[in-house]
Amino acid sequence: MDHLMRLTGILPVLPTPFTETGVDLDAMRRIVRFALDAGVAGVVFPGFASEVEALTGEERQALLKAVATEVGDRVPIVAGASAPTVDEVVAYGRQALGLGITRLMIQPPKSIGAGAVTAFLAAAAAQLPEVEIILQNAPAPRGSDLAPEAVLEVVRRVAAVRYVKEETLPAGPAITAILANAPEHMLGVIGGGGARYILDEYDRGACAAMPALEIADLHAALDRSYRDGRGSEARALYVKSLPLLVLQAVYRMRLTKHVLGLRGVLDNPIVRAPTPDLDALAVRDIERCFQECGLGSVGADKWRRTK
């Protein structure tokens with residue numbers, strides 16, 4: 001079933017809900033239900049927005065299992081499998097396969113250098129013949145920041161790479177260059193950047209976007225409007241989203257979790273990853289921008305009483 005669904009539309013990277021002592025699996029299931037109710041076309045876990053580097057191996061495995069169980073076969077799941085070594089990538093891939101997940105997003109380790117990316121992914125793919133790989137081309141300093149020519153070289157040489165998540169800046173020209181020269185086995189390019197550039201990415205032929213989760217319903221509505229040819233509606237939703245997404249680029253997971261708290265999805269805003277704190281003025285600015293998105297605040301009063 002998973003292989004029959006081509007990746008298109010809004011594929012949010014799910015955040016990780018924490019408690020004071022660990023991860024919150026019940027809240028993880030609520031997050032998945034929120035995503036599905038929002039009309040997303042698929043989900044991604046874990047990724048950078050999931051605070052993946054702050055998870056233990058056991059937490060990561062338990063959370064992915066919760067996601068897979070809650071999603072079932074309703075939408076595709078992309079499992080993050082980035083790691084410093086091929087052996088670790090393969091281990092994460094086998095965990096995903098054990099849950100019926102056949103798509104892996106892999107950001108090659110920056111430490112190996114651009115020239116070694118092909119060999120790295122080929123070695124992983126050889127041990128995971130069942131999977132489709134999404135090559136995550138993240139910008140510096142976090143990622144390898146591969147030029148389009150380097151991305152295409154990897155895709156041509158590693159047939160398991162079926163998609164590219166293009167996150168370098170500016171992403172638009174890179175998407176155009178990759179799609180203009182893509183080999184036949186490549187299925188598409190996916191936009192990143194938190195959907196801050198989604199209309200430009202879609203105009204250039206991107207098949208999907210992987211934003212954070214907090215306004216997934218707005219993003220899903222934007223995607224539907226764009227695909228249905230209602231460009232003015234899509235642009236109006238895009239313009240509504242931008243002030244909040246500008247702040248999201250700074251406050252990252254703290255903003256995502258604060259907004260999900262306002263929406264009644266999360267019980268607390270605990271973040272493990274190093275991110276800027278939200279002071280009173282930042283909270284006021286975030287909440288004003290969120291209200292301007294027109295999505296409502298289901299749990300706002302309760303959320304403020306618990307903070």
Side-chain angles (χ1 to χ4, degrees), residues 10-20 23-24 26-40 43-52 54 191-199 209-225 233-307:
I10 302 301
L11 313 168
V13 182
L14 304 180
T16 298
F18 296 108
T19 67
E20 295 290 350
V23 296
D24 189 337
D26 287 338
M28 190 78 242
R29 287 184 278 270
R30 288 200 305 274
I31 284 171
V32 174
R33 290 194 293 272
F34 172 81
L36 295 173
D37 290 345
V40 303
V43 297
V44 183
F45 186 87
F48 181 66
S50 313
E51 303 174 73
V52 61
R196 284 178 286 278
Y197 317 103
I198 188 171
L199 290 184
M210 289 184 180
L213 180 66
E214 63 273 7
I215 55 171
D217 39 0
L218 186 154
H219 283 140
L222 183 160
D223 178 85
R224 287 192 300 273
S225 295
E233 287 183 27
R235 186 158 193 87
L237 291 168
Y238 175 63
V239 170
K240 278 187 174 183
S241 76
L242 280 178
L244 186 67
L245 296 184
V246 168
L247 294 174
Q248 205 272 346
V250 176
Y251 294 107
R252 307 302 303 229
M253 305 84 172
R254 290 194 190 278
L255 182 147
T256 293
K257 291 183 176 181
H258 184 79
V259 173
L260 288 174
L262 293 174
R263 306 198 71 179
V265 181
L266 290 182
D267 297 324
N268 70 68
I270 297 172
V271 171
R272 287 183 183 173
T275 46
D277 290 329
L278 301 180
D279 63 12
L281 289 176
V283 167
R284 185 178 72 180
D285 198 13
I286 289 167
E287 293 187 1
R288 180 182 297 159
C289 292
F290 171 61
Q291 288 295 330
E292 289 169 354
C293 289
L295 299 172
S297 300
V298 174
D301 292 338
K302 177 184 175 184
W303 175 247
R304 293 194 184 94
R305 288 197 298 271
T306 61
K307 282 173 57 63

Looking at [X] and [Y], would you say the former's side chain and the latter's main chain have a donor-acceptor pair under 3.5 Å?
X: Tyr238; Y: Arg196; result: yes
X: Lys257; Y: Pro17; result: no
X: Glu51; Y: Arg272; result: yes
X: Asn268; Y: Thr19; result: no

Kindly indicate whether the side chain of [X], heavy atoms from C-beta on, has any atom under 4.5 Å from the side chain of [Y].
X: Leu213; Y: Arg263; value: no
X: Pro46; Y: Thr16; value: no
X: Leu255; Y: Glu214; value: yes

Where [X] and [Y] come nearest, the two heavy atoms and their spacing:
X: Cys289; Y: Pro243; answer: SG-CB, 3.7 Å
X: Gly39; Y: Ala220; answer: O-CB, 3.7 Å
X: Cys293; Y: Ser241; answer: SG-CA, 4.2 Å
X: Pro15; Y: Met28; answer: O-CE, 3.4 Å

Inset, instruction - Could you list the residues that satisfy side chain to side chain contact (heavy atoms under 4.5 Å, CB included) with Phe48, not counting sequence neighbours? - result: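 Phe48: side chain to side chain contact (heavy atoms under 4.5 Å, CB included) contacts with Arg142, Arg252, Met253.
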Legend entry - Qualifying residue for side chain to side chain contact (heavy atoms under 4.5 Å, CB included) with Ile10, from Ile198, Leu218, Leu222: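 When Ile198, Leu218, Leu222 are each tested with Ile10, the side chain to side chain contact (heavy atoms under 4.5 Å, CB included) holds only for Ile198.
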Inset, instruction - Just grab all the salt bridge (charged side-chain N to carboxylate O under 4.0 Å, His left out) pairs involving residues 275-284, residues at least two apart or on different chains. - result: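 For residues 275-284, and leaving out neighbouring residues, the salt bridge (charged side-chain N to carboxylate O under 4.0 Å, His left out) pairs sorted by first residue read Arg254-Asp277.
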Inset, instruction - Examine the side chains of His258 and Glu287 and answer whether a donor and an acceptor come within less than 3.5 Å of each other. - result: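 Yes, because at least one side-chain N or O of His258 sits under 3.5 Å from a partner of the opposite role on Glu287.
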Inset, instruction - Evaluate the criterion side chain to side chain contact (heavy atoms under 4.5 Å, CB included) for residue pair Leu245 and His219; output intermediate values, then yes/no. - result: CA-CA 11 Å; Leu245 296 184; His219 283 140; 3.8 Å; yes
Kindly compute the distance separating [atom1] ([X]) from [atom2] ([Y]), expressed to the nearest 0.5 Å.
X: Leu237; Y: Leu242; atom1: CG; atom2: CG; value: 11.0 Å
X: Ile286; Y: Leu247; atom1: CD1; atom2: CG; value: 6.0 Å
X: Phe18; Y: Asp267; atom1: CZ; atom2: CG; value: 14.5 Å
X: Tyr251; Y: Leu244; atom1: OH; atom2: CG; value: 12.0 Å

Inset, instruction - Please lay out, stage by stage, how Ile215 and Gln248 fare under the test side chain to side chain contact (heavy atoms under 4.5 Å, CB included). - result: CA-CA 11 Å; Ile215 55 171; Gln248 205 272 346; over 6 Å; no
Inset, instruction - Run the numbers on Val40 and Leu11 for side chain to side chain contact (heavy atoms under 4.5 Å, CB included), then give the verdict. - result: CA-CA 6 Å; Val40 303; Leu11 313 168; over 6 Å; no
Inset, instruction - Return yes when atom CZ of Arg235 has more than 12 non-hydrogen atoms of other residues, nucleotides or ligands closer than 6.0 Å, and no otherwise. - result: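 It does not: Arg235 CZ has 12 such atoms or fewer within range.
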